[in-house]
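If you read the sequence from its start, that first residue is 1, and numbering goes on from there.
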Amino acid sequence: MKPNFLGRLAALTAVVVLAGAPLAAPAFAQEAAPAAAAATEAPAPAAEAPAAPAAVEAAPAAAPTITPTVDKGDNAWMLVSTILVLLMIIPGLALFYGGLVRQKNMLSMLMQVSTVTVVGMMTWVLWGYSLAFTDGGALDSYVGGLDKLFLKGVDVTTLVGTFSTGVSIPELTFVAFQMTFACITAALVLGGLAERIKFSATVLFAVLWPILVYYPMAHMVWWWAGPDTVALNPTDPIQAGKIWAWGALDFAGGTVVHINAGIAALVGAVILGKRTGFQKEPMPPHSLTLTMVGAGLLWVGWFGFNAGSNLESNAYASLAMINTFVATAAAGFSWVVVEWVTRKKASMLGMASGIVAGLVAITPAAGFAGPVGALILGLIVSPICVFFCSAVKNALKYDDSLDAFGIHAIGGIVGAIATGLLVNPDWGGAGIVDYTTCAADGDISTCDSATYAMGTQVMAQVKAVLMTVAWSGIGSTIVFFVIKLITGLRVAPETEEDGLDISEHGERAYHA
């Protein structure tokens with residue numbers, strides 16, 4: 001499996017090198033460069049009155065400026081959204097994954113998710129935020145710089161722009177919100193490594209993988225100059241990360257979070273190798289009750305994930321919220337129907353899996369699709385994910401333990417490409433904002449809509465997907481092999497047999 005897998009990664013790399021002219025900048029994406037108040041050139045002074053004797057030369061008109069303001073409602077919504085995303089990880093994802101493993105590995109799954117989260121929070125403050133959301137100089141298309149290392153210059157007085165001119169939120173709020181995204185992305189990867197990865201390898205992964213993979217991806221997709229800078233300098237090229245500059249749309253992380261994590265999970269699963277007894281002995285989830293509790297907590301927390309990515313408490317946040325309801329409901333239903341038709345049983349595991357698949361698929365489209373488009377996306381994504389989690393996985397015999405690849409990578413790809421279609425205003429989508437037309441002293445309602453071209457937008461989405469697959473695949477391969485050289489990746493066979501709970505942590509989840 002390894003040679004074929006690595007060969008596919010090389011082929012994907014060649015595909016991504018395809019050059020393309022930058023497309024129009026998208027309307028929204030989860031990013032906020034500091035709101036700049038740079039002035040444009042002053043307009044020409046008014047002509048002198050012809051009969052005015054000894055007239056004093058008219059003063060040039062004042063250059064337009066923007067004074068960033070913070071709305072307490074926006075900030076309150078972002079603080080709540082940040083806490084909701086934490087709920088997604090601990091306890092949401094921890095219980096969802098924990099219920100899916102065997103009883104002897106339940107505590108280790110909880111421990112791994114928690115450890116990746118706490119390490120991710122510390123490294124985000126120390127260097128992650130700077131690498132993701134600052135100007136990277138010569139490498140700015142791919143990664144940020146070190147200007148805000150250890151959050152240098154970030155305090156209670158600094159602001160970042162939202163997606164409306166003149167509207168900002170405290171930078172500390174944005175730092176905390178984005179921190180939760182970095183944490184959950186790394187934690188999602190653990191689904192492909194479950195029941196056999198060393199705890200020491202998990203800790204190293206939590207430090208190394210974001211540096212090489214997550215922070216650059218976040219920068220490429222979400223870093224841009226901000227609406228204030230664009231509104232004040234409408235004729236200047238827009239400074240942005242590589243994928244943003246292509247015009248790709250990703251409202252809340254279809255590429256950055258889900259495709260990125262799903263591809264890394266597949267890479268890790270292949271390098272780690274299969275669990276002992278995989279496809280030879282039953283390995284059923286030990287508690288579908290806890291898995292369903294986790295899925296419910298994921299769904300609740302996802303409203304912070306999606307609606308919070310709007311950075312403002314306005315109608316676009318409402319759009320993201322209703323889409324997160326209906327796409328998820330449709331995907332949960334369609335997964336159950338597929339099982340009901342093909343296996344004559346509608347399973348609770350299928351419902352939980354469908355809920356997560358719907359959440360994944362709507363993530364990039366949350367603020368772009370209309371509600372009916374979101375519903376259709378949910379109905380479509382589950383059958384595709386079922387196919388990859390069963391037929392493809394069984395045919396290729398890779399051990400993606402908890403289907404992180406089959407749900408997150410595949411669901412993310414479906415959602416990312418569908419976003420290019422569902423944003424179409426003629427199909428009920430929100431359209432794309434042309435920030436060069438925004439009034440310097442207005443909000444997003446003052447901006448014109450950019451011309452929508454379906455072929456151009458879908459191609460931008462496809463390029464973003466290919467770039468994410470290649471970047472995550474190659475970067476994750478490097479990270480896993482480095483960890484293998486340092487501490488080793490996989491536990492000993494006897495440790496795996498005894499279970500990671502007692503062998504790695506000296507505790508058990510259950511004593512009955």
For the student: nearest non-hydrogen atoms of [X] and [Y], plus distance:
X    : Y    : value
T328 : W299 : CG2-CE2, 3.4 Å
W471 : P216 : CZ2-CB, 3.5 Å
T162 : S164 : OG1-N, 3.4 Å
W427 : L421 : CE3-O, 3.5 Å
A317 : E312 : CB-O, 3.5 Å
P364 : A416 : CG-N, 3.6 Å

Indicate yes or no: at least one non-hydrogen side-chain atom of [X] is less than 4.5 angstrom from one of [Y].
X    : Y    : result
P234 : Y435 : no
V116 : L190 : yes
Q457 : T419 : no
V465 : Q461 : no
V85  : W302 : no
T363 : F251 : no
M217 : T468 : yes
I407 : C389 : yes

Starting from the C-alpha separation in whole Å, work towards a yes-or-no answer on side chain to side chain contact (heavy atoms under 4.5 Å, CB included) for L86 and M121.
CA-CA 11 Å; L86 175 61; M121 289 179 177; 3.8 Å; yes
Is it the case that the side chain of [X] and the backbone of [Y] share a donor-acceptor pair, with hydrogens and angles ignored and the cut-off at 3.5 Å?
X    : Y    : result
N424 : G429 : no
N323 : A374 : no
S130 : K148 : yes
D250 : G253 : yes
T123 : V207 : no
D74  : S313 : yes
W224 : A245 : no
T158 : D155 : yes
S382 : L379 : no
Y215 : A182 : no

Fit a plane to each ring of F133 and F174, take the angle between them on a 0 to 90° scale, and name the class: parallel (under 30°), tilted (30 to 60°) or perpendicular (over 60°).
perpendicular
Can you list the steps and then say if V392 with Y398 is a side chain to side chain contact (heavy atoms under 4.5 Å, CB included)?
CA-CA 9 Å; V392 173; Y398 57 84; 4.0 Å; yes
Hey, mind stepping through T134 and D147 against side-chain hydrogen bond (donor to acceptor under 3.5 Å, both in side chains) and telling me if it holds?
CA-CA 7 Å; T134 65; D147 291 348; 5.3 Å; no
Please check if atom OH in Y142 has more than 12 non-hydrogen atoms from other residues, nucleotides or ligands closer than 6.0 Å.
no
Tell me whether the count of non-hydrogen atoms from other residues, nucleotides or ligands lying under 6.0 Å of CD1 in I486 goes above 12.
yes
How long is the straight-line distance from [atom2] of [Y] back to [atom1] of [X], given to the nearest 0.5 Å?
X    : Y    : atom1 : atom2 : result
D400 : L402 : CG    : CG    : 7.5 Å
T202 : L489 : OG1   : CG    : 9.0 Å
T487 : F199 : OG1   : CZ    : 11.5 Å
Y214 : S472 : OH    : OG    : 12.5 Å
L193 : Q112 : CG    : CD    : 8.0 Å
H258 : H408 : NE2   : NE2   : 6.5 Å

With sequence neighbours excluded, what pairs up with F388 under the ring pair (Phe, Tyr, Trp, His ring centres under 6.0 Å) test?
none
Applying ring pair (Phe, Tyr, Trp, His ring centres under 6.0 Å), can you list everything that pairs with F205, at least two apart in sequence or on another chain?
W209, F480
Where do D140 and W223 land on the side-chain hydrogen bond (donor to acceptor under 3.5 Å, both in side chains) test, with the steps shown first?
CA-CA 9 Å; D140 192 50; W223 164 254; 3.2 Å; yes
Please determine whether side-chain hydrogen bond (donor to acceptor under 3.5 Å, both in side chains) holds for the pair N314 and N310, giving the CA-CA distance in whole Å, both sets of side-chain angles, and the decisive distance to 0.1 Å.
CA-CA 8 Å; N314 60 20; N310 188 58; 2.7 Å; yes
When you look at L149 and L126, which way does the side chain to side chain contact (heavy atoms under 4.5 Å, CB included) test go after all the steps?
CA-CA 6 Å; L149 206 63; L126 295 175; over 6 Å; no
Evaluate the side-chain hydrogen bond (donor to acceptor under 3.5 Å, both in side chains) criterion for residues T173 and N75: first the C-alpha distance (whole Å), next the side-chain angles of each, then the deciding distance (0.1 Å), finally the verdict.
CA-CA 7 Å; T173 300; N75 191 48; 2.8 Å; yes
Could you walk me through whether L87 and I83 pass side chain to side chain contact (heavy atoms under 4.5 Å, CB included), step by step?
CA-CA 6 Å; L87 180 73; I83 295 169; 5.9 Å; no
Should F305 and F181 be marked as a ring-ring contact (aromatic ring centres under 6.0 Å, His included) after you check the CA-CA gap, both sets of side-chain angles, and the distance that decides it?
CA-CA 8 Å; F305 198 81; F181 277 65; 4.2 Å; yes
